[in-house]
J.: 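One structure coming up, written as structure tokens, with questions to follow.
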Protein chains: 2
Amino acid sequence: MAVDALETRELRYFVAVAEELHFGRAAERLGMAQPPLSRAIQQLERRLGVSLLVRNRRGVCLTGAGEVLLHEGRAALDAATAAARRTRRAGAADGPGGPRNRLVLAVKAAGSHELLQKLLHAYAAEPDAAEIEVLPCGICEQEELLRNGRADVALMHAPFNSLAGFDSEELLTEGQIAVLPAGHPLAARRTLSLAEVSDVPDLPLARWPRHGIFPPGPGPEIRDQTQLAQLIALGRTVAIIPDSARAWLWAEHTAVPLTDAPPVVTHIAWPAHSRSLALAGLIRTATQL
Amino acid sequence: MAVDALETRELRYFVAVAEELHFGRAAERLGMAQPPLSRAIQQLERRLGVSLLVRNRRGVCLTGAGEVLLHEGRAALDAATAAARRTRRAGAADGPGGPRNRLVLAVKAAGSHELLQKLLHAYAAEPDAAEIEVLPCGICEQEELLRNGRADVALMHAPFNSLAGFDSEELLTEGQIAVLPAGHPLAARRTLSLAEVSDVPDLPLARWPRHGIFPPGPGPEIRDQTQLAQLIALGRTVAIIPDSARAWLWAEHTAVPLTDAPPVVTHIAWPAHSRSLALAGLIRTATQL
DNA sequence: GCCCTGTCATACCCGGTAGGTATCACTGAG
DNA sequence: CTCAGTGATACCTACCGGGTATGACAGGGC
């Protein structure tokens, strides 16, 4: 077979074109001129013996093979950048004064704060524990951070995060609560059901992005915790969140347990091919909490 | 940051050197001369700002960062070749006469033959079923085939295969049997324990490779089923295998159930990032068997 | 109908760099 | 001391990745 592995450069170019569906914009994004980009994609198609794009009067669109290469190419690019980043970090570690390990732990900002505290404390007590760098990240970013090598391990929350492609261990299961403005009639209830909370005319359910896109609905689009807290306090929305988030509630908030919400399971997750001793130690500590 | 993704070429070079631990042999394997390879590795180290290899009098050895890059680089190279192969296959499919999907299913030769029969039969009856190419492979090769894109989906057998990094669904659980020469005293028993089978002086336990290497032990090294069958028939060895393998036993063999062997679970497994409709259909069929 | 605009492809040129050959520097073995 | 075998250096060539200028073609407005 003529070609075994595609060059990173080719993948970068193709992914740019496939995402923009426009050679000019893709070239601009790549910091190059359009003609060499056109030529590179042509060469790629020739090399693969496959047509990737359909060029029509107004821009381009993907063929079936193009769709496949877009997915697979993104994964391969992530793997290549992960290799660079993790090697860099490993090198920076074993440079001065012997191998000093360091792990980057991605956590959703303010998610399961108490668990994180306990984990860090318990792990620090281990003999030859690595240094842990906590990398706070937005909702659902952990998967991307693990894939592209910015993080080595993450605390994830099923069913919000997808554990596909990672190894993981369960740490904690908790129920969910509805967070309402303190003055609202429903705030007086002892418990609520999902149906009751989802269907309040004056309190549309807050929405946050799952893997980059917001689910449809009338409620406000939430980007960070403070935003959410404020909108609830103002009586504009209601949110369904894990029980442990009680920690950051304001006085103007009331939490009501939900009877039928799916439980949230916190996992510690890491790339399946990891072989780091430091990581193994952290996982062991976490599962023994 | 100066570098985001390493070039495939750099990874290929480094992996070759790291595996050979010798620039000359690595260059030969890569089909190039030694000096440009030396230079390429130096440039890579400079680009990453990290020392990857320790050059000493007799060959080279890896630093900590080098070990990391060897692991991560292999994964990235696999991803890049998988991208090429899967794109090729997708292109060959949607070329003549509309999108004609095709899935490559990796199975351990003669492993769970009956299950495979049923699966193929049931799937063929589905409306717009894709064409299934069955790729028979050696023991434990399925993981590699999925990772480097030669296969799209595989039948795996826990605990022999590792499901790490793949999505999977359980299909079948079965016990294990000891296969003995028909004339052997133990062949008269109704059941056996692992300890009894492992400790027969004149019948050392057959060994087969787990991820490329043979576990230590006195028994013969097995590479394929026929070899194994013959050695058992000749009274040279005993094997522990899943129950469904009774299908291929010879008249000179006797199967005795094991009371305490771990159960073997057959899974259907696929790369976690797969998004193919044809694959989804096959998985659905498999889980409904 | 015309031209003008916006798309991707082609033609041509230049410079960087990947790769080759020849050779050096070092070190351990005999 | 020499020799064999290691990786590093010096130097050259040729390829090819990238830039600029321009072409081919299709749609839309006047």
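Remember, predicted model here, so these are calculated numbers, not experimental data. Naming convention: chains lettered A, B, ... in sequence-line order (proteins, then strands); numbering from 1 in each chain.
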J.: From the list D:dT6, D:dA8, C:dC8, which nucleotide is the closest neighbour of the side chain of B:Phe23?
T.: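 Nearest listed nucleotide: D:dA8.
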J.: For B:Glu20, does the CD atom have more than 12 heavy-atom neighbours from other residues, nucleotides or ligands under 6.0 Å away?
T.: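 Buried by this count: over 12 neighbours within 6.0 Å.
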J.: So which of B:Glu72, B:Arg147, B:Arg74 actually passes side chain to side chain donor-acceptor pair (under 3.5 Å) with A:His273?
T.: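 Passing option: B:Glu72.
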J.: Summarise how protein sits on nucleotides 20-26 of chain C as a single string, 5' to 3': B when a protein heavy atom is under 4.0 Å from the base, S for sugar-phosphate-only contact, - for no contact.
T.: BBB----
J.: Consider salt bridge (Lys or Arg N to Asp or Glu O under 4.0 Å). Of B:Arg275, B:Arg102, B:Arg86, B:Arg85, which one does B:Asp152 pass it with?
T.: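 Among B:Arg275, B:Arg102, B:Arg86, B:Arg85, the one that satisfies the salt bridge (Lys or Arg N to Asp or Glu O under 4.0 Å) with B:Asp152 is B:Arg86.
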J.: Quick check: closest heavy atoms across B:Val50 and A:Gly91, and the distance to 0.1 Å?
T.: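 Shortest heavy-atom contact: CG2-CA, 3.6 Å.
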J.: Just call it for B:Gln43: base, sugar-phosphate, or nothing, with non-hydrogen atoms closer than 4.0 Å on any strand.
T.: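 Here B:Gln43 touches the backbone only, sparing every base.
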J.: So, B:Thr63 side chain and B:Leu52 main chain: donor-acceptor pair closer than 3.5 Å or not?
T.: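 Yes.
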J.: Would you find a donor on one side and an acceptor on the other, under 3.5 Å apart, between the side chain of B:Arg89 and the backbone of B:Gly149?
T.: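 Yes: the side chain of B:Arg89 pairs with the backbone of B:Gly149.
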J.: Which atoms form the tightest heavy-atom contact between A:Leu146 and A:Phe166, and what is the distance?
T.: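 Nearest heavy atoms, A:Leu146 then A:Phe166: CB-CE2, 3.7 Å.
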J.: Nearest whole Å is fine: how far is D:dG18 P from A:Leu37 CG?
T.: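 Value for this atom pair: 10 Å.
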J.: Please give me every residue in residues 11-18 of chain A whose heavy atoms get under 4.0 Å of an atom in DNA chain C, ordered by residue number.
T.: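 Heavy-atom cutoff 4.0 Å gives no residues at all.
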J.: Send over the distance from A:Arg46 CZ to C:dA9 P, rounded to a whole Å.
T.: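 Value for this atom pair: 12 Å.
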J.: For B:Cys137 versus B:Gln142, what's the shortest heavy-atom pair and its separation?
T.: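 Scanning both residues, the minimum pair turns out to be SG-CG, 3.8 Å.
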J.: Return whichever of A:Arg9 or B:Arg55 has its heavy-atom-nearest nucleotide of DNA chain D closer to the 5' end.
T.: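 The answer here is B:Arg55.
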